[in-house]
Amino acid sequence: MPKLARQYWLMKSEPDAFSIADLESKGTAPWDGVRAYAARSNMVAMQLGDLVLFYHSSCVPPGAVGIASVVKLAYPDPTQFDPKSQYFDAKSKPDAPRWRMVDVTFVSRFPRMVTLEVMRQDPELAEMVVVKPGRLSVQPVKPGEFARVVKLGGGKLPR
DNA sequence: GCCAACGTTGGC
DNA sequence: GCCAACGTTGGC
């Protein structure tokens, strides 16, 4: 089996809930709480070593702040079964979990944030999903787009 | 399977 | 805090 090419993604998180600084101090963390089918499909498609743009949403300004990588393939998100969790889903049963998550690990922080506004104004990023209307919290990124955002942030592409 | 109503996301 | 745009739900 040929090894598939590394894939790239963007994952949104509200920094008040979980920021890149939180990921940096934890090292590795489960990406729990995703409750949208399209986002779930994207997580299920992730492979070990895939790279993720960590994006801060619902803040001023929103934008990409660093890089994470996938270190555990999609598995059931335990918060869906926890009645005390804000992510509890009464319709999901343990023998048929509805929601999944991956684990990601911290890779780097950009020297400067790449704001949504900057991405919107960059011609190379005109087709990027994040600049389009929509609210997909886990979305694919093209390799060229990923490299461009890293460059705009003054960061380094992991080898 | 359609689609209106509903709830949520997320930029502003 | 507002609200447009979106995704999901559920009646039919």
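Each chain gets a letter, A, B and so on, in the order the sequences are listed, and its residues count up from 1. Model, not experiment: these values are computed from the prediction.
- Side-chain N/O atoms of A/Lys12 include one lying less than 4.0 angstrom from OP1 or OP2 on B/dG10.
- Regarding A/His56, its NE2 atom lies at a distance of 12 Å from the P atom of B/dG11, rounded to whole Å.
- For the segment residues 111-122 of chain A, residues with any heavy atom less than 4.0 angstrom from an atom of DNA chain B are, sorted by number, A/Leu116, A/Arg120.
- The residue A/Lys91 sits close only to the backbone: its heavy atoms come under 4.0 Å of sugar-phosphate atoms, none of a base.
- Taking atom CZ of A/Arg35 as the reference point, atom P of B/dT9 lies 11 Å away to the nearest angstrom.
- The side chain of A/Ala36 lies closest to C/dT8 when the candidates are C/dT8, B/dG11, C/dA5.
- Proximity of A/Val138 to A/Met46: side-chain heavy atoms (C-beta onward) are separated by under 4.5 Å at one or more points.
- The distance from atom OH of A/Tyr37 to atom P of B/dG7 is 17 Å, rounded to the nearest whole Å.
- We find that CZ of A/Arg135 is positioned 16 Å from P of B/dC12, with the value rounded to whole Å.
- Panel note: side chain A/Thr115, backbone A/Gly63; no donor-acceptor pair is recorded below 3.5 Å.
- In this model, the phosphate group of B/dG11 is approached by a side-chain N or O of A/Tyr55 to a distance below 4.0 Å at OP1 or OP2.
- A donor atom on one side chain and an acceptor atom on the other are not found under 3.5 Å apart for A/Tyr87 and A/Asp82.
- When the P atom of B/dT8 is taken as reference, atom CD of A/Glu14 falls 13 Å away, rounded to whole Å.
- Atom NZ of A/Lys132 is separated from atom P of C/dG7 by 14 Å (rounded to the nearest Å).
- A salt bridge links A/Asp89 with A/Arg98: at least one charged nitrogen is closer than 4.0 Å to a carboxylate oxygen.
- In this structure, A/Arg98 atom CZ and C/dG7 atom C1' are separated by 14 Å, rounded to whole Å.
- Partners of A/Arg135 by side-chain hydrogen bond (donor to acceptor under 3.5 Å, both in side chains), not counting sequence neighbours: none found.
- Listed for the A/Asp50 side chain is a donor-acceptor partner under 3.5 Å among the backbone atoms of A/Gln7.
- Partner of A/Val149 under the side chain to side chain contact (heavy atoms under 4.5 Å, CB included) criterion, out of A/Val118, A/Val130, A/Val114: A/Val114 alone.
- Separating the CH2 atom of A/Trp99 from the C1' atom of C/dG7 is a distance of 10 Å, rounded to the nearest angstrom.
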